[in-house]
Each structure stands twice: as structure tokens, then as C-alpha cells.
Amino acid sequence: MSLSTESAVGPDELAVLKLLALEGGLEGDVKISCSHLADRLDASNQTASRRLQRLEGAELLERDTVSDGQWVAITDDGERALHAEYEDYRRIFKTDSEVELEGTVTSGMGEGRHYISLPGYKRQFEDRLGYEPFPGTLNLDLREDSVRRRSAIGSLEPVPIDGWEDDERTYGPAVCYPATIETSDGETYENAHTIAPERTHHDDDQLEIIAPEKLREELGLEDGDFVTVAVGDRQ
């Protein structure tokens, strides 16, 4: 969904989209009249019709007008818009200290192997994480909804990795969070951490994970494999 599409609808239109979803619009076509929708919205028929038109123009729903009403169905973009709203409310009311992210395994650029092995970081990993990481990271391409959800990690308690310097250069700090990885086959690995260097070329849709073992081998992972990562305080 483009920026122009996003700006074409607002809270009023999203409220209509929610009502249509509650009527069954995510499962397929549902029949609805403007008068029925207007009653649900406590608005005029014209207002209800105008909001449907905006949702259709933004490609958040499809509709087919008939003599006694119209058939509407929420599109994939419409479902994503509703899911984004859900994520906002989930973050508001969520009380546990865990964030679930989903993504697919991808090959990194090999930088993790170098930086994780540097002595200034290595000593801190052993002291603060309780293990010496395998020299390399498991890299994930996060799904769109997980990219949005990732910001919730900021409410968790991090394991800080301090910056340091040697005779040649200065190395920046990083933050780690305990992580449990689950494959699509249900196999899990608990003793892992996400790592986010302060200075990195990765975007928010990239997640790096470290562990004592080589995770690709431990979990039998290849590029393109789907995994779920539960990020949060490990009791």
C-alpha cells in the first residue's frame, strides 16, 4: 500500500473497515446496505457511502453494487490495515514481556563473524550473556507485520554491550535481548539473543541473532526457511 493510499483513509474509514470485518468481510463477500451501515455508524447514508467509496479507492475493499445493496469484501491491503491497528492496540494492552517476530532466513554479508570475534565484544558476551557466541549471526528478513511489531522490543530490558576502542579505531555499543527460535517444524532453540549494533547497515526489516552454536546447523535451516522468534526476558 503506497503512501498516497494510506493518506486517502483515516480513522473514520478504518472504523467502517472494522465493522465490515465483524460482519464477515475477511472471509468473503458480504451484503450490506448504506442505510444499515449508516445506522451502525450513527451517520447519514451519504456519509456511509462516501466512506465506502474512499475505502474502495484506497483498494482496501472491493464492492459490487446491486439493486438492494452492495456486496463488499476486504482486500489483502485492507486486512493488513486492520492488522496494523490491532498491533497498536496489542502494544497498548500487552502486559507480558515478550515480543513475537516472524521472518525468513537469509544470508548476511559476513560482518557478524568479524565483529563478534573481536576481543572487546567477546569478553562482554561471555560475561553478560553467559557464553561465547558462534562467530557469525543468523540473519532474518522480517515479515511486514513483524517490522511494525519490532518497536515493542524497546519496552523490554536489554542486555547492553558497551562500546570500546583499541589502538586503531573505536567500536560502537550494541544491545542484546534473550530470544527463543522456533522453526516451522516446531523445533526450538532457547539459548540465543538478538543483537542490534548501534552502527549497522541493516534496516528494521533485518534481524540478527547470536548463539553459542551455529544455528543453521543446530536447527537445519536454509535460506528461505520460516522461523518465529520470541524476544523477551528469559526467566
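In this chain, residues are counted from 1 in sequence order. Just so we're clear, the structure is a prediction, and the values are computed from it rather than from any experiment.
With sequence neighbours excluded, the residues forming a ring-ring contact (aromatic ring centres under 6.0 Å, His included) with Y121 are W164, listed by chain and number. Judged as a salt bridge (Lys or Arg N to Asp or Glu O under 4.0 Å), and not counting sequence neighbours, E182 has no contacts. H83 meets the ring-ring contact (aromatic ring centres under 6.0 Å, His included) test with Y86; sequence neighbours excluded. With sequence neighbours excluded, no residue forms a salt bridge (Lys or Arg N to Asp or Glu O under 4.0 Å) with R50. T75 meets the side chain to side chain donor-acceptor pair (under 3.5 Å) test with no other residue; sequence neighbours excluded. Not a single ring-ring contact (aromatic ring centres under 6.0 Å, His included) links F226 to another residue, sequence neighbours left out.
Shortest non-hydrogen contact noted between S151 and R148 is OG-O, 3.3 Å. Considering all non-hydrogen atoms of both residues, L17 and I74 come closest at O-CD1, 3.7 Å. Taking every heavy atom of both residues into account, I116 and G136 meet most closely at CD1-O, 3.8 Å. Across all non-hydrogen atoms, the minimal contact from P212 to N191 is CD-O, 3.2 Å. Heavy atoms only, all atoms of each residue included: R128 and P160 are closest at NH1-O, 2.7 Å. Across every non-hydrogen atom of G232 and L156, the tightest pair is CA-CD1, 3.8 Å.
One finds a salt bridge joining R40 and E23 here, because a Lys/Arg side-chain nitrogen approaches an Asp/Glu carboxylate oxygen to under 4.0 Å. Under 4.0 Å is where a charged nitrogen must lie from a carboxylate oxygen, and between K122 and E132 at least one such pair does. Ion pair R149/D145 flagged as a salt bridge, since at least one NZ, NE, NH1 or NH2 atom sits closer than 4.0 Å to an Asp/Glu carboxylate oxygen.
Under the 4.5 Å side-chain criterion, counting only non-hydrogen atoms from C-beta, L129 is in contact with I210. Side-chain contact check for R51 versus L41: some heavy-atom pair is nearer than 4.5 Å. Side-chain contact between T183 and D225: absent, with no pair of heavy atoms (C-beta onward) separated by less than 4.5 Å. Two residues are said to be in side-chain contact when any heavy atoms from C-beta on lie closer than 4.5 Å; T194 and I153 fail this criterion. Under the 4.5 Å side-chain criterion, counting only non-hydrogen atoms from C-beta, L52 is not in contact with E56. In this structure the side chain of V72 never reaches within 4.5 angstrom of the side chain of D29, judged on heavy atoms.
Side-chain N or O atoms of R150 include one that pairs as donor or acceptor with a backbone N or O of D204 at under 3.5 Å. At distances below 3.5 Å, not a single donor-acceptor pair connects side-chain atoms of D68 with backbone N or O atoms of V66. Proximity of a side-chain donor or acceptor of D185 to a complementary backbone N or O of E187 within less than 3.5 Å is not detected. For S146 (side chain) and E102 (main-chain N/O), a donor-acceptor pair under 3.5 Å exists by modelled atom type. Under a 3.5 Å cut-off, the side chain of Q124 and the backbone N or O of D162 do form a donor-acceptor pair. Panel note: side chain D166, backbone R169; a donor-acceptor pair is recorded below 3.5 Å.
There is no path of hydrophobic side-chain contacts, each under 4.5 Å, that joins F134 to V159. Following chains of ILVMFWY side-chain contacts shorter than 4.5 Å, one can reach V175 starting from V229, so the two form part of one hydrophobic cluster. Cluster annotation: Y131 and L118 are assigned to the same hydrophobic cluster (Ile/Leu/Val/Met/Phe/Trp/Tyr, side-chain heavy-atom contacts under 4.5 Å, transitive). Under the 4.5 Å side-chain heavy-atom criterion for ILVMFWY residues, no single connected hydrophobic cluster contains both V16 and W71.
Atom CG of residue L221 and atom OG of residue S184 lie 8.5 Å apart, to the nearest 0.5 angstrom. R123 CZ to I161 CD1: the interatomic distance, rounded to the nearest 0.5 Å, is 12.0 Å. Expressed to the nearest 0.5 Å, how far CG of L60 lies from CD of E79 amounts to 12.0 Å. Between L138 atom CG and I195 atom CD1 the span is 13.0 Å, to the nearest 0.5 Å. Rounded to the nearest 0.5 Å, atoms OG1 (T106) and CG (L142) are 11.0 Å apart.
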side-chain contact (heavy atoms from CB on, under 4.5 Å) assessment of T228 paired with I181: CA-CA 6 Å; T228 301; I181 305 164; over 6 Å; no
Test side-chain contact (heavy atoms from CB on, under 4.5 Å) applied to Q70 and I32, step by step: CA-CA 6 Å; Q70 49 197 310; I32 194 167; 4.2 Å; yes
Residues D223, R216; criterion salt bridge (charged side-chain N to carboxylate O under 4.0 Å, His left out); working and verdict: CA-CA 9 Å; D223 282 2; R216 281 178 177 261; 2.5 Å; yes
